[in-house]
Structures are given as C-alpha cells and as structure tokens.
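These notes concern the structure reproduced below.
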Amino acid sequence: MDVFHRRELDRLQKELRDTAGTTILIHDQTCAAEKRRRRKRNEYPDPAKRAFINEKVCEGCGDCGKKSGCLSVLPVETALGRKRKIDQSSCNKDYSCVEGFCPSFVTVEGGKLKKQSPAAATLEAMPALPAPQIPVLHEPFSIMITGVGGTGVVTIGQVLGMAAYLDHKGVTVLDMAGLAQKGGSVWSHVRIADSQQQLHAVRIAAGDANLVLGCDLVVTAAEEALAKMREGFSHAIVNSYESPTSAFLKNPDVRFPSRAMKDAVIESVGAGRFWEVNATRLATALMGDAIASNMFMLGYAWQRGLVPVSEEALMEAIRLNGAAVKFNQQAFIWGRHAAHDPARVEALVNPSSVVQFVPRETVDGVMHHRAKELVAYQNQALAERYKALVEQVVRAEQAVNPASSALALAVARGYFHVLAYKDEYEVARLYTDGDFLRELASQFDGDYRLRFHIGAGWITGHQPKKVAFGPWLLHGMKLLAKLRFLRGSVLDPFGWQADRKLERQLIGEFEQQVHSVLDGLNADNLATAVELIKLFEGVRGFGHVKEAAWKQAGERQQSLLQRFRQAAGKRKVA
C-alpha cells in the first residue's frame with residue numbers, strides 16, 4: 001500500500017482510472033469542519049498558525065479557492081476590484097489555500113486572534129430593552145431555521161426546543177442536515193404548542209411556517225424553504241450577509257444574486273412581513289467571531305415578537321447547552337438590540353469618524369484614483385500616459401453615443417490593470433507601505449512570526465512552486481521597493497523572466513486593441529468593444545495562472561473581434 005498527500009488525489013484518481021483490474025483508493029482524513037468543532041472543545045490539536053492574505057497584493061484570480069475548495073476564502077470588494085480575504089472565524093486551518101500560486105499569502109505563527117472588539121464591552125452600558133409581546137399559542141407555532149453546516153443552525157433548533165420544554169410547552173424538533181458537515185444546506189423544523197398532544201407532525205407542512213429564520217440567504221431562497229412560506233401568514237427574518245457558494249470557487253467573478261433572492265422571499269411572505277439584517281457583519285464586529293451570527297438572529301427574532309418562548313427559558317437553555325454560554329447569551333442580547341434600535345448598533349460598529357475612500361463609479365472618479373495609484377507605483381509620467389489614453393477613449397465614445405461611458409470605464413480599469421502589473425518591486429512596495437502591518441495588527445495580538453509564501457521562478461527553476469521565507473524578507477522588500485525605477489529597464493534583474501515579458505507584452509496588446517477599437521467604433525459595436533476591453537481585466541494572477549488566463553482570453557478575443565468587425569462593416573456599407 002502506498003501513502004500519498006491528499007494534494008495527489010486528482011492525479012491518483014486518473015492513474016487508477018487507467019489501470020486495468022481492481023484498484024482501491026482510501027481517502028482517510030478527519031473532516032476539516034469536524035476538526036474545528038473539536039478544537040473549540042479542546043479535543044483536537046490547535047496549531048498556532050493562521051493563513052492571512054495581503055489584499056493589496058491579491059489579484060483576485062481565484063487560484064487559492066481552486067487549490068483549497070474552501071469557502072472561508074471570501075471575496076472582498078475594494079477600490080481596485082474584487083480581492084480575497086480569509087474568514088478567520090470559520091477557517092479550518094487546512095492551509096491548502098496557501099498553495100495558490102500567489103505572493104499575497106503569509107502565515108502568522110504564534111500570537112492569537114483579537115476576539116473581542118471594543119464594542120462588545122459596551123453591552124452593559126446599552127439602555128434597557130422593552131419586552132416584546134410573545135405570540136399566543138392558539139394553535140401550533142412553526143419555525144423553520146435555515147443555514148449552512150458548521151455554523152450552529154442545529155444548535156439554535158435545540159436551544160429553542162429546550163426553552164419550550166422549560167416553559168412547559170409541547171415541542172418537536174426535526175433537523176435535516178444532509179451534507180451540513182461540509183457546509184451544505186441545513187433546515188431545522190421547530191414546532192411549539194401549549195401541549196404535546198397538539199403536535200401531530202414534526203415536519204412543517206407547505207405554507208405552514210409562522211417564522212422562517214434565515215441564517216443564510218441562499219438556503220432561505222431555495223425551494224425547500226420557500227415552500228414553507230405563505231403570503232400574509234408567514235414572517236421571514238433573513239441574514240443579508242452574502243456568504244460565498246461553491247459557484248464562487250469555480251468562477252471568481254460570479255456575482256451574488258442577493259436582490260433576486262430577497263425578492264423571492266418577499267414575494268412568498270409579503271413586504272410587511274420581511275426583515276433583513278446583516279447579522280454576520282454585525283455579530284463579527286460586536287463579538288469578534290462570525291459564529292455568533294445565528295444566535296444574534298434568534299435574539300433579533302425574539303425581540304420582534306416572533307418566538308413563543310420566554311427570555312428566561314432561552315437563557316437557561318443556552319446555559320444547559322454548555323458551549324460558550326456567556327458568548328452566546330451576549331450574542332442573543334445584541335440581536336435584541338439590533339431589532340429594537342438598529343441605528344444605535346450600527347453606530348457602534350461603524351463610527352461616523354471612520355470614512356473609507358471609495359472612488360466614484362464614474363470615468364473621472366476611476367481615472368483620477370488610479371492615476372494617483374500609478375504615481376505611487378512608478379512615476380508621474382506613467383500616470384500621464386494612462387490619463388491620455390482614457391481621455392482619448394472618452395472623446396471617441398461620446399462621438400458615437402453621448403449617453404454611454406461603459407467603454408471609457410472599461411479602459412480606465414483595464415489599462416490600469418495592465419500597467420500596474422505586480423512584479424517583485426510592486427509586491428515589495430505593497431508589503432512595506434504600512435497598510436499590511438496595520439491590518440495584521442488589527443486582527444492579531446501577541447508575539448507572532450510571519451512567514452511569506454512566494455512563487456519565485458528564479459529560485460524554483462521556472463516551476464510553479466512556492467518558497468517560504470521568514471520575517472527577515474520584509475527588510476529586503478523595503479530595499480527592493482526603492483529600486484522600482486529599474487522596472488522595465490536594461491538593468492532590471494527580473495526583466496528576463498517569462499512573467500515580466502508577458503506583462504510588458506500585455507501593455508502593448510492593450511494599447512493596440514484600444515486604438516483598433518476606436519478606429520472602427522460605432523453605436524452598433526460599442527457593447528462588443530466593451531467586452532473586448534474587459535477581457536484584459538480577466539488576465540490576472542501570477543506565473544502559470546496568468547499565462548493560462550491570457551490564453552483563455554485570446555480564444556474569446558477572436559470571436560469578439562469577428563463580431564466587432566462585422567458590425568463596423570455594416571455601418572460603413574449603410
């Protein structure tokens with residue numbers, strides 16, 4: 001019997017597929033989610049090591065998600081596009097994401113996460129909460145809790161069940177977990193009545209849910225949950241946090257259809273019976289851990305008067321559950337405050353004094369923001385070169401369609417993307433400009449040590465492998481960042497690499513493509529022109545990842561060029 005690391009799984013499956021006769025493949029590994037559960041109970045070793053992403057270095061290529069298949073690698077929207085970050089609350093410490101071919105990954109060894117934010121200490125100073133009117137149980141009251149595995153959905157159902165028992169009421173709880181352990185959909189059916197004799201079924205019938213407590217928007221908008229809702233009868237409280245799905249792992253640019261999902265729920269219950277709250281964001285900011293979000297949701301629903309058990313019984317049920325008692329009780333109370341006075345809670349999470357700059361989504365806003373970035377990247381001359389081309393496109397687009405700015409916006413984003421390629425100098429600058437260390441300090445406490453994971457072709461012989469460097473690398477990066485004036489010159493020691501040659505080639509191809517588009521631009525092919533330019537934004541990543549994206553874009557480019565030229569030819573004939 002041969003033993004391999006699981007990274008060899010795909011190769012071994014293909015090898016055994018082509019092997020004649022009977023072959024056996026055993027994948028023996030504790031589920032990563034189960035490891036996380038055991039660690040919280042101190043039943044499994046918890047390595048003092050965490051993965052961290054420098055978002056400014058990240059290209060948003062998605063290779064880390066493909067390598068790990070982990071939904072704790074989250075999308076984060078920034079002024080320069082979509083990047084990635086690690087959700088430390090749900091991270092299973094699998095570390096396979098670090099194998100993504102990208103220099104934005106560091107591992108933080110030692111130290112500890114900052115679990116409590118200053119806002120959590122203000123709970124005792126919050127004003128007293130009015131008690132809501134608890135529903136009267138003339139007939140059984142049905143609550144469906146929806147969410148994903150590993151986040152505590154089943155725990156919420158069990159707490160409700162115990163609270164009903166403590167209130168001397170009848171109760172049934174049915175958990176439908178499925179692939180919950182792997183982050184799959186979970187539904188918990190809770191039915192509460194004045195007496196056990198009134199409950200004849202444990203599963204909630206179609207249209208019979210008095211409350212749908214949607215701890216995850218995607219699961220709540222699925223047919224299984226929608227079927228339990230009835231307009232004018234059901235209420236729905238939904239966590240509006242956009243939790244990534246498996247589709248995000250396959251397509252890093254996929255957009256979360258949150259509006260359509262919310263509309264589906266609103267249509268099922270009625271506008272006046274729908275509430276949304278970003279429980280994950282608020283609970284994480286207030287409690288320091290996203291795992292608090294579901295208990296936060298329960299508190300929110302209880303304050304709305306949609307849970308037919310007493311607060312005393314709920315608090316005792318949380319205590320009897322025995323897991324993070326004070327933490328969960330506080331999360332419940334914060335949920336109550338969010339329902340009663342959302343403005344006060346929001347002010348605690350986002351003080352008005354903190355303002356994050358986001359460039360306006362106009363051509364001028366994007367152009368001036370990125371021009372400033374190019375000065376820091378290289379010099380003023382590069383910024384002027386950038387602005388000159390964008391302004392030329394603005395004039396050409398206005399000539400064919402005065403109401404459009406889509407092409408100019410695409411050029412403003414795409415041209416910056418190809419000009420500001422992340423070579424050794426830029427990666428060094430983005431690690432040493434101060435933002436990276438400040439972000440680390442905001443998330444980690446104690447004495448920790450950094451290890452940088454960088455794919456260096458000049459060390460690995462052009463092979464797509466990563467090399468780990470110690471914290472001393474920061475000192476070298478400070479010097480390297482100052483040498484960026486060598487970029488692209490005959491003295492550039494990194495200019496001979498295939499990556500750097502491809503990146504310089506892309507700049508020329510982009511400029512050539514823009515001029516070619518402007519020569520044949522008309523109202524009929526304007527939309528196609530936008531698609532052609534946007535192709536360059538998709539060419540991202542590092543090393544072989546970027547090369548593969550470039551080849552894929554080239555294949556798409558040919559069909560778009562044909563369509564563009566056909567539309568240009570028709571206009572000339574006309």
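As the structure is a computational prediction, the values presented were derived from the model and not from experiment.
By the 4.0 Å N-to-carboxylate-O rule, E55 lies too far from K85 to be salt-bridged with it. By the 4.0 Å N-to-carboxylate-O rule, K422 lies close enough to E59 to be salt-bridged with it. The pair R336-E311 meets the salt-bridge criterion, since a charged nitrogen lies less than 4.0 angstrom from a carboxylate oxygen. A salt bridge is absent between R370 and E373; no separation between the charged side-chain nitrogens and carboxylate oxygens falls under 4.0 Å. In this structure, K466 does not pair ionically with E99, as no charged nitrogen and carboxylate oxygen lie closer than 4.0 Å. Between D10 and K14, at least one side-chain nitrogen of the basic residue sits less than 4.0 Å from a carboxylate oxygen of the acidic one, meeting the salt-bridge criterion. One finds no salt bridge joining D499 and K546 here, because no Lys/Arg side-chain nitrogen approaches an Asp/Glu carboxylate oxygen to under 4.0 Å. The existence of a salt bridge linking R319 and E316 is confirmed by a sub-4.0 Å separation between a basic side-chain nitrogen and an acidic carboxylate oxygen.
Checked against side chain to side chain contact (heavy atoms under 4.5 Å, CB included), Q29 has the following partners two or more places apart in sequence or in another chain: R6, H27, K35, D94. Annotation: side chain to side chain contact (heavy atoms under 4.5 Å, CB included) contacts of R11 (sequence neighbours excluded): F4, E8, E15. For Y95, there are no ring-ring contact (aromatic ring centres under 6.0 Å, His included) partners, not counting sequence neighbours. Checked against side chain to side chain donor-acceptor pair (under 3.5 Å), T172 has no partners two or more places apart in sequence or in another chain. In this structure, the side chain to side chain donor-acceptor pair (under 3.5 Å) partners of K67, at least two apart in sequence or on a different chain, are D63. Partners of H337 according to the side chain to side chain contact (heavy atoms under 4.5 Å, CB included) rule, which considers only residues two or more places apart in sequence or in another chain, are L123, M126, L129, I333, W334, V345. Y431 meets the ring-ring contact (aromatic ring centres under 6.0 Å, His included) test with F436, F452; sequence neighbours excluded. Judged as a side chain to side chain donor-acceptor pair (under 3.5 Å), and not counting sequence neighbours, N42 has no contacts. Applying the salt bridge (charged side-chain N to carboxylate O under 4.0 Å, His left out) criterion to R304, with sequence neighbours excluded, gives no partner residue. By the side chain to side chain donor-acceptor pair (under 3.5 Å) test, R50 is found to be paired with Q88, residues two or more places apart in sequence or in another chain being considered. Partners of S258 under the side chain to side chain contact (heavy atoms under 4.5 Å, CB included) rule, at least two apart in sequence or in another chain, are L217, E242, F256, K262.
The heavy-atom pair separating P103 from I454 by the smallest distance is CB-CG1, 4.0 Å. The two atoms that bring R84 and I53 nearest to each other are O-CG2, 3.4 Å, heavy atoms only. Across every non-hydrogen atom of A236 and V265, the tightest pair is CB-CG1, 3.7 Å. Taking both residues in full, the closest heavy atoms of A553 and V539 are given as CB-CG2, 3.8 Å, listed atom of the first, atom of the second, then distance.
E424 and Q497 share a side-chain donor-acceptor pair at under 3.5 Å.
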Step-by-step salt bridge (Lys or Arg N to Asp or Glu O under 4.0 Å) determination, E547 to K551: CA-CA 6 Å; E547 185 177 357; K551 290 178 180 177; 3.6 Å; yes
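Within the 4.5 Å cutoff, the side chain of M176 has no heavy atoms near those of the S188 side chain. No side-chain heavy atom of Y377 sits less than 4.5 Å from a side-chain heavy atom of R484. Side-chain contact check for L314 versus L160: some heavy-atom pair is nearer than 4.5 Å. Side-chain contact between T23 and R17: absent, with no pair of heavy atoms (C-beta onward) separated by less than 4.5 Å. Looking only at side-chain heavy atoms (C-beta outward), R413 and K534 stay at 4.5 Å or farther from each other. Proximity of T146 to V212: side-chain heavy atoms (C-beta onward) are separated by under 4.5 Å at one or more points. Between L306 and W275, some side-chain heavy-atom pair lies under the 4.5 Å cut-off.
Proximity of the aromatic rings of H417 and F536 is defined here by a centroid distance below 6.0 angstrom, and this criterion is not met.
Here the CD1 atom belonging to I145 is positioned 11.0 Å from the OG1 atom belonging to T220, to the nearest 0.5 angstrom.
Environment of CG in D18: crowded, with over 12 heavy atoms of neighbouring residues, nucleotides or ligands closer than 6.0 Å.
Exactly one residue among K49, R451, H453 makes a side-chain hydrogen bond (donor to acceptor under 3.5 Å, both in side chains) with T107. That residue is H453.
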Indicate every side-chain donor-acceptor pair of residues 472-481 with a distance under 3.5 Å to a residue at least two apart or in another chain.
none

